[in-house]
Protein chains: 2
Amino acid sequence: MAEPISERSRKILEAIIEEHIATAQPIGSKALTRFQAINLSPASVRNVMAELEEQGYLHSPHTSAGRVPTEKAYRYYIDSLLRVDCLDRARRDQIEQHYHRRGLQMGELLREASRTLSSVAHYTGLVMVPRLQSTVFRRIEFVKLSSRQVLAVFITRSGMIQNRLIETAEEFTAGELEQITNYLNQTMSGLSIREARALILADMAQEKALYDRLLQRASRLSAEALSESADGEVIIEGTSHLLDQPEFTDLERMKRIFRAFEQKSLLLNLLDRGLQSKGVQVIIGGETEYPELAGCSLITANYSGRRGTLGALGVIGPSRMPYSTLIPIVDYTAGMISRMLDEENE
Amino acid sequence: MAEPISERSRKILEAIIEEHIATAQPIGSKALTRFQAINLSPASVRNVMAELEEQGYLHSPHTSAGRVPTEKAYRYYIDSLLRVDCLDRARRDQIEQHYHRRGLQMGELLREASRTLSSVAHYTGLVMVPRLQSTVFRRIEFVKLSSRQVLAVFITRSGMIQNRLIETAEEFTAGELEQITNYLNQTMSGLSIREARALILADMAQEKALYDRLLQRASRLSAEALSESADGEVIIEGTSHLLDQPEFTDLERMKRIFRAFEQKSLLLNLLDRGLQSKGVQVIIGGETEYPELAGCSLITANYSGRRGTLGALGVIGPSRMPYSTLIPIVDYTAGMISRMLDEENE
DNA sequence: CTTTGGCACTCCGCATAGTCGAGTGCCAAG
DNA sequence: CTTGGCACTCGACTATGCGGAGTGCCAAAG
């Protein structure tokens with residue numbers, strides 16, 4: 001089943017895939033010899049195609065139609081055959097242009113990134129907002145709102161600002177809050193939120209806290225402030241581009257995709273998964289556990305600030321997508337965002 | 001053209017509209033007498049229908065099809081014929097259930113509202129996030145981030161929290177910032193952001209500011225902090241419900257709608273427009289200046305906090321929508337949100 | 001004067017049938 | 001191994017015909 005492929009088969013498979021990406025049609029042997037630089041007769045091509053079909057790289061919708069690449073074929077194409085284009089000047093300018101305005105806040109920057117991706121690529125853009133927990137603590141501030149309400153404002157190194165409203169069991173005076181603020185800012189600087197929280201929890205358990213009432217209350221407040229929140233957001237832009245795909249005639253399938261968009265956790269999982277690795281990744285829908293994404297692919301890349309990976313972004317569309325032009329777009333955008341997040345917070 | 005309509009015509013028009021809402025099909029005279037309680041012969045109905053068509057309430061897709069209500073008909077139906085159902089117990093429970101969790105921040109609450117609308121109504125939910133400018137100032141806080149960066153955090157009466165990063169021309173010391181904070185919190189409490197800003201600008205022009213250097217800089221800082229931002233956000237949820245509508249077979253039309261969704265400013269304008277009025281409003285797409293919304297309708301209602309209207313929410317879908325069941329849903333949701341925003345900020 | 005049944009007509013939707021083209025598998029010859 | 005040839009398949013498209021639902025109009029009944 002997974003036999004290696006001869007040089008010739010590979011060429012033909014590549015040609016079929018590229019032709020199908022371009023036309024969205026099943027490809028026949030004759031058409032292939034006509035449009036692609038293959039100096040073989042249709043009959044020979046047929047033989048190869050039959051073989052490729054047996055190996056699971058191709059599939060016929062019905063007897064007398066051409067053949068269509070399977071997901072296995074796309075996987076192979078992406079891993080072994082694909083030569084990625086260079087990002088052409090025009091497109092690069094087009095991307096740069098979107099970021100002329102300086103001093104965007106991170107949230108706006110990411111939204112803009114998603115929009116840019118979608119408009120340059122003509123596919124649907126995805127941007128995952130960094131998870132607060134793994135970003136690096138820069139500063140925290142407490143603001144007393146009422147007797148039992150305290151607003152916590154964190155700022156992370158990468159420039160994210162996040163608020164959280166805390167209902168406290170007992171009242172804190174403004175002075176106490178200031179003390180706590182100072183203490184936290186001194187101890188936590190440079191740690192990730194997750195580490196900071198662990199540290200505080202450790203403190204709480206320690207003996208000294210037992211005797212220092214203020215410290216105890218402070219710890220409780222900050223633990224609350226830094227507690228895991230259900231964050232995890234994905235910014236999706238340009239869904240309407242999907243409607244332009246010829247695949248859209250399959251209404252049922254498109255409905256599934258749109259439902260997947262609404263269930264953002266699904267996309268979040270996929271984007272999360274790539275956070276470990278570096279560079280551009282391609283996820284083919286059918287390879288995931290999500291039936292909603294059958295026939296779809298994602299191209300993703302991570303972006304990072306000064307202190308390591310922050311999140312991921314990319315595009316999504318039918319598996320039949322022009323990987324060679326989209327990959328550099330995603331790649332370039334990720335690099336661009338990384339650079340901008342760096343600059344903004346010297 | 002705009003002749004008044006006889007009792008009988010009205011009944012028939014109503015029957016046609018309701019039948020068409022239920023079936024999405026053009027309605028013929030015979031079918032009408034069969035399915036609706038009308039004790040007239042098809043021939044008589046035909047006469048009336050011809051008349052209604054002439055008056056612009058009906059339209060035949062072609063000679064031998066039934067008739068379809070025009071936008072004028074929907075308008076008349078909504079304004080004069082519609083009797084709104086009571087919200088049934090089941091649906092009310094369904095809505096309430098979504099808001100069990102207490103202590104949501106406003107942003108989350110509104111997102112949840114949009115989701116609820118969409119899932120209860122089976123249409124696409126819209127919620128406009130309140131415009132910061134018209135909300136009532138409760139508190140402002142400045143946090144110094146670096147020598148030239150100050151973070152401003154506003155809190156409004158209704159519980160919105162908004163951050164803004166300000167690049168300052170010159171450095172402020174922590175003490176100065178505190179002074180400014182105190183000054184602003186004293187003077188601005190109870191004003192809307194817009195009013196507050198106006199007041200500051202007035203201050204700046206006054207003579208005393210010219211001689212008080214700190215005050216002058218403070219004013220500049222706060223003017224910056226309160227400046228008009230491009231806010232105005234619409235939370236859209238449940239777009240996939242549109243795909244279930246039989247109207248969806250008209251692909252072109254659906255593409256237009258999805259594009260409209262991406263251009264949020266368009267929806268924002270429409271929601272804005274209703275902010276003056278009270279109660280539930282229905283906007284019929286063709287009546288607006290937006291060709292994208294041809295064939296669509298919005299049902300909207302305002303929600304408010306303690307201190308007046310904050311924003312609007314509603315559902316959007318094809319004009320052929322079950323107004324009588326959707327209106328109470330939108331109405332109830334708006335009321336619910338208003339109540340929750342009140343409670344949260346004693 | 002309104003209502004109603006009748007009638008001729010229109011036109012869409014659907015099903016059936018036929019044709020065309022692209023593609024296939026297989027085989028035998030190069 | 002490659003290639004040309006050949007018979008076969010099957011979907012896409014077109015043409016044709018039919019039935020149903022609807023229409024307008026008219027004349028008779030209420």
Side-chain angles (χ1 to χ4, degrees), chain A residues 3-13 15-17 19-20 22-70 73 246-250, chain B residues 3 5-13 15-17 19-20 22-70 73 246-247 249-250:
Chain A
E3 294 102 287
I5 315 184
S6 78
E7 176 63 25
R8 193 175 62 168
S9 317
R10 230 182 303 165
K11 268 225 159 126
I12 289 179
L13 180 56
I16 292 173
I17 293 175
E19 194 65 21
H20 182 252
T23 64
Q25 300 283 322
I27 309 300
S29 54
K30 206 165 174 184
L32 200 61
T33 55
R34 239 203 325 280
F35 296 114
Q36 294 267 342
I38 288 180
N39 28 16
L40 286 172
S41 71
S44 309
V45 173
R46 273 205 287 284
N47 289 331
V48 177
M49 280 169 124
E51 193 185 343
L52 285 169
E53 178 157 14
E54 202 169 336
Q55 291 172 321
Y57 292 100
L58 293 179
H59 165 252
S60 307
H62 55 84
T63 327
S64 80
R67 270 142 169 143
V68 165
T70 60
E247 278 86 351
F248 199 81
T249 43
D250 183 351
Chain B
E3 295 100 289
I5 314 185
S6 78
E7 178 62 23
R8 193 174 61 168
S9 318
R10 232 181 303 166
K11 266 221 161 133
I12 289 179
L13 180 57
I16 292 173
I17 293 175
E19 194 66 21
H20 183 252
T23 64
Q25 300 282 323
I27 309 299
S29 54
K30 206 163 173 186
L32 200 63
T33 55
R34 239 204 322 282
F35 296 113
Q36 294 267 342
I38 289 181
N39 29 12
L40 285 172
S41 72
S44 308
V45 173
R46 273 204 287 284
N47 289 332
V48 177
M49 280 170 125
E51 193 184 341
L52 285 168
E53 178 157 16
E54 203 169 336
Q55 291 172 321
Y57 291 100
L58 294 179
H59 165 253
S60 306
H62 54 84
T63 329
S64 79
R67 273 149 167 136
V68 165
T70 61
E247 276 86 352
T249 44
D250 183 351

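Only this structure's heavy atoms are used, side chains among them; waters, hydrogens and symmetry mates stay out. Numbered from 1 within each chain, the chains take letters A, B, ... in sequence-line order.
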Query - Within-4.5 Å side-chain heavy-atom neighbours: B/Ile17 and B/Ile27 - result: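 A side-chain contact under 4.5 Å is absent here.
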
Under 3.5 Å, is there a donor-acceptor pair between the side chain of [X] and the main chain of [Y]?
X: A/Thr23; Y: A/Gln25; answer: yes
X: A/Ser41; Y: A/Ser44; answer: yes
X: B/Thr33; Y: B/Pro42; answer: no
X: B/Ser29; Y: B/Arg46; answer: no

In this structure, how many angstroms lie between the [atom2] atom of [N] and the [atom1] atom of [X], rounded?
X: B/Asn47; N: D/dC26; atom1: CG; atom2: C1'; answer: 11 Å
X: B/Arg34; N: D/dG20; atom1: CZ; atom2: C1'; answer: 11 Å
X: B/Ile12; N: C/dT3; atom1: CD1; atom2: C1'; answer: 12 Å
X: B/Arg67; N: D/dA21; atom1: CZ; atom2: C1'; answer: 13 Å
X: B/Leu40; N: C/dG5; atom1: CG; atom2: C1'; answer: 14 Å
X: A/Leu52; N: C/dT24; atom1: CG; atom2: P; answer: 12 Å
X: A/Glu53; N: C/dC26; atom1: CD; atom2: C1'; answer: 16 Å
X: B/Met49; N: D/dG22; atom1: CE; atom2: P; answer: 9 Å

[X] side chain N/O closer than 4.0 Å to the phosphate oxygens (OP1, OP2) of [N]?
X: A/Ser44; N: D/dT3; answer: yes
X: A/Ser64; N: D/dT9; answer: no
X: B/Ser29; N: D/dT23; answer: yes

Query - Candidate nucleotides D/dG22, D/dG24, C/dA22, ranked by approach to the side chain of B/Lys30 - the nearest - result: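 Closest of the options to the side chain of B/Lys30: D/dG22.
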
Query raised in the report: Looking at the side chain of A/Ala50, which of C/dG25, D/dT3, C/dT4 is the nearest nucleotide?
Result: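 Nearest listed nucleotide: C/dG25.
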
**Report entry** From CA spacing to verdict: side-chain contact (heavy atoms from CB on, under 4.5 Å), B/Ile16, B/Val68
**Finding:** CA-CA 8 Å; B/Ile16 292 173; B/Val68 165; over 6 Å; no

Requested in this report: Measure across A/Val48 and A/Ser9 and return the closest heavy-atom pair with its distance rounded to 0.1 Å.
Outcome: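 Closest pair (atom of A/Val48, atom of A/Ser9, distance): CG1-CA, 3.8 Å.
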
Protein and nucleotides 13-17 of chain C: nitrogen or oxygen contacts under 3.5 angstrom:
none

Requested in this report: Return the 5'-most residue of the pair B/Leu32, A/Thr63 with respect to DNA chain D, ranking by each residue's nearest nucleotide.
Outcome: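 Nearest-nucleotide comparison on DNA chain D picks A/Thr63.
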
Report task. Please report the C-alpha distance between A/Glu53 and A/Arg67 in whole Å, then the side-chain angles of each, then the deciding distance to 0.1 Å, and finally whether the side-chain contact (heavy atoms from CB on, under 4.5 Å) criterion is met. Result -> CA-CA 8 Å; A/Glu53 178 157 14; A/Arg67 270 142 169 143; 2.7 Å; yes

Short N/O separations, protein against nucleotides 6-8 of chain C, under 3.5 angstrom:
residue	atom	partner	partner atom	Å
C/dG6	O6	B/Arg46	NH2	3.3

Query - Most 5' of A/Gly28 and B/Asn39 on DNA chain C, judged by nearest nucleotide - result: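 The residue mapped nearer the 5' terminus is B/Asn39.
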
Requested in this report: Give the C-alpha distance, both sets of side-chain angles, the deciding distance and a yes or no for side-chain contact (heavy atoms from CB on, under 4.5 Å) between B/Glu51 and B/Glu54.
Outcome: CA-CA 5 Å; B/Glu51 193 184 341; B/Glu54 203 169 336; 5.7 Å; no

Query raised in the report: Step by step, would you call A/Leu58 with A/Thr70 a side-chain contact (heavy atoms from CB on, under 4.5 Å)?
Result: CA-CA 5 Å; A/Leu58 293 179; A/Thr70 60; 5.5 Å; no

Query raised in the report: Counting any heavy atom closer than 4.0 Å, what does A/Arg8 reach on the DNA or RNA strands: base, sugar-phosphate only, or nothing?
Result: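 The answer is sugar-phosphate, as A/Arg8 gets under 4.0 Å only of primed atoms, P, OP1 or OP2.
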
